[in-house]
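For reference, the structure is listed below as structure tokens.
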Amino acid sequence: KYNPEGDTHFLEDESTKIFARKVADHYSARINQTLEEREASPIIHLKKLNNWIKSVLIQLYAKRGDAVLDLACGKGGDLIKWDKAKIGYYVGIDIADGSIEDCRTRYNGEADHHQRRKKFSFPARLLCGDCYEVRLDKVLVDDAPFDVCSCQFAMHYSWSTEARARRALANISALLRPGGIFIGTMPDANVIVKKYREAEGLAFGNSVYWIKFDEEFSEKKFKSSNPFGIKYKFHLEDAVDCPEWIVPFHVFKAMAEEYDFELVFVKNNHEFVDEYMKKPEFVELMRRLGALGDGNQDQSTLSPDEWEVAYLYLAFVLRKRGQPDQT
Ligand code: SAM
């Protein structure tokens with residue numbers, strides 16, 4: 001069993017840095033697509049569904065005027081969502097310098113490949129850095145505290161070592177105000193482990209994704225007392241091709257509690273869709289985004305293989321303990 005009181009001396013070896021670089025290089029090398037290329041993607045409906053999930057989280061938890069910290073913000077694909085929420089300030093950080101450059105271009109409204117020349121109504125600061133290594137509380141002294149922190153499809157990159165996982169949570173906790181909200185999406189370890197057990201060998205997948213565990217991997221790792229560094233290779237057509245790490249959610253939750261967070265909810269993305277598609281405003285948003293065709297839950301335009309990828313992920317909301325400052 002994971003023991004949070006246990007050894008707090010972490011071994012940081014060279015391979016951890018090499019893998020973080022591999023992740024950064026992979027995302028940095030991803031070029032911006034034109035609108036036409038994007039629409040032709042084999043996972044276009046999955047991308048739209050993921051955008052819908054992030055939009056719902058943002059609409060539920062961001063308030064007008066909020067200061068927002070977007071960890072692993074990528075190319076700034078969520079800038080428009082934050083703008084719609086009328087936030088007051090935005091800080092975006094990503095390890096991939098190429099992505100931060102694209103994010104800056106998008107924020108400045110220059111040559112946006114999505115053909116929008118949007119000017120955003122909030123000031124923003126965009127930084128390139130490793131969110132799971134650097135003491136962000138020291139870097140963002142003048143920007144904190146934040147009302148909302150968002151880490152979308154990226155928290156699992158912190159799970160290569162306990163030190164990095166702790167740095168991630170310590171950073172977020174230090175930068176959020178009491179009562180502040182942490183929203184995120186990441187792979188659902190329960191689903192991945194279940195699929196691994198059902199699979200014949202070390203790999204499984206479908207026409208749009210595959211997951212492959214290392215040769216030295218064995219069932220024992222899932223059960224071992226060290227829940228960090230359980231690595232696999234993830235390939236998602238037209239999106240991801242790099243090492244990732246299993247995040248057992250019960251460990252994530254227990255560790256988040258050490259950093260003063262309480263769980264508001266965690267839901268697999270299938271459950272998330274089922275639940276929020278009961279709300280007319282979000283059905284309408286889905287219709288506008290076009291992920292599920294006419295807005296029914298029948299996956300009319302999302303292919304079954306894309307829908308299976310949605311099942312690999314979960315969405316979570318944590319709240320930092322304490323009361324917001326009344327002043
Ligand atoms: N959050 C964005 C979104 O939802 O569109 C991007 C998601 S993308 C799947 C994962 C992102 O995590 C990439 O942009 C990658 O560069 C970033 N990332 C991975 N490891 C990171 C780290 N240690 N520090 C900061 N960003 C990291």
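The structure presented is a predicted model; accordingly, all values stated were derived computationally and were not measured. Just the heavy atoms: all of them, side chains too, but no hydrogens, waters or symmetry mates, feed the values below. Whatever order the structure lists them in is the order used to number ligands and atoms, beginning at 1.
When hydrogens are left out, the protein atom nearest atom 21 (C) of ligand 1 is Ile95 CG2, 3.4 Å; that is the closest non-hydrogen contact. The single protein non-hydrogen atom nearest to atom 11 (C) of ligand 1 is Asp94 OD2, 3.9 Å, given as residue, atom name and distance.
A salt bridge does not link Lys54 to Asp70: none of the charged nitrogens lies less than 4.0 Å from a carboxylate oxygen.
Distances from ligand 1 to the non-hydrogen atoms of Lys75 include no value under 4.0 Å. Within the structure, ligand 1 lacks Ile93 among the residues with a heavy atom less than 4.0 angstrom away. Not close to ligand 1: Gly77, with no non-hydrogen atom less than 4.0 angstrom away. In this structure, His26 does not count as a contact residue of ligand 1, since none of its heavy atoms falls inside 4.0 Å of the ligand. Between Ala239 and ligand 1 there is no heavy-atom distance shorter than 4.0 Å.
Under 3.5 Å, the side chains of Arg166 and Tyr259 contain a donor-acceptor pair of N or O atoms. Side-chain atoms of Asp260 and Ser173 form no donor-acceptor pair, as typed in the model, at a separation below 3.5 Å. Side-chain contact, Tyr209 with Glu237: no donor N or O sits under 3.5 Å from an acceptor N or O.
Contacts of Val23 with ligand 1, taken as heavy-atom pairs under 4.0 Å, involve the side chain alone. Contacts with ligand 1 closer than 4.0 Å are made by no heavy atom of Glu133, backbone or side chain. Under 4.0 angstrom from ligand 1, the non-hydrogen atoms of Cys73 all belong to its backbone.
Within the 6.0 Å centre-distance limit, the rings of Tyr313 and Phe153 are counted as a close aromatic pair.
Listed by chain and residue number, nothing satisfies the salt bridge (charged side-chain N to carboxylate O under 4.0 Å, His left out) test with Glu200 (two or more places apart in sequence, or in another chain).
The ligand atoms of ligand 1 that sit less than 4.0 angstrom from a heavy atom of Gln152 are 1 (N), 2 (C), 4 (O), 7 (C).
Inclusion of Asp70 in the set of residues having an N or O under 3.5 Å from an N or O of ligand 1 is not warranted.
Under the 6.0 Å distance and 45° angle rule, Lys22 does not count as a cation-pi partner of Phe19.
The aromatic rings of Phe272 and Tyr276 lie tilted to each other, with the angle between the two planes from 30° to 60°.
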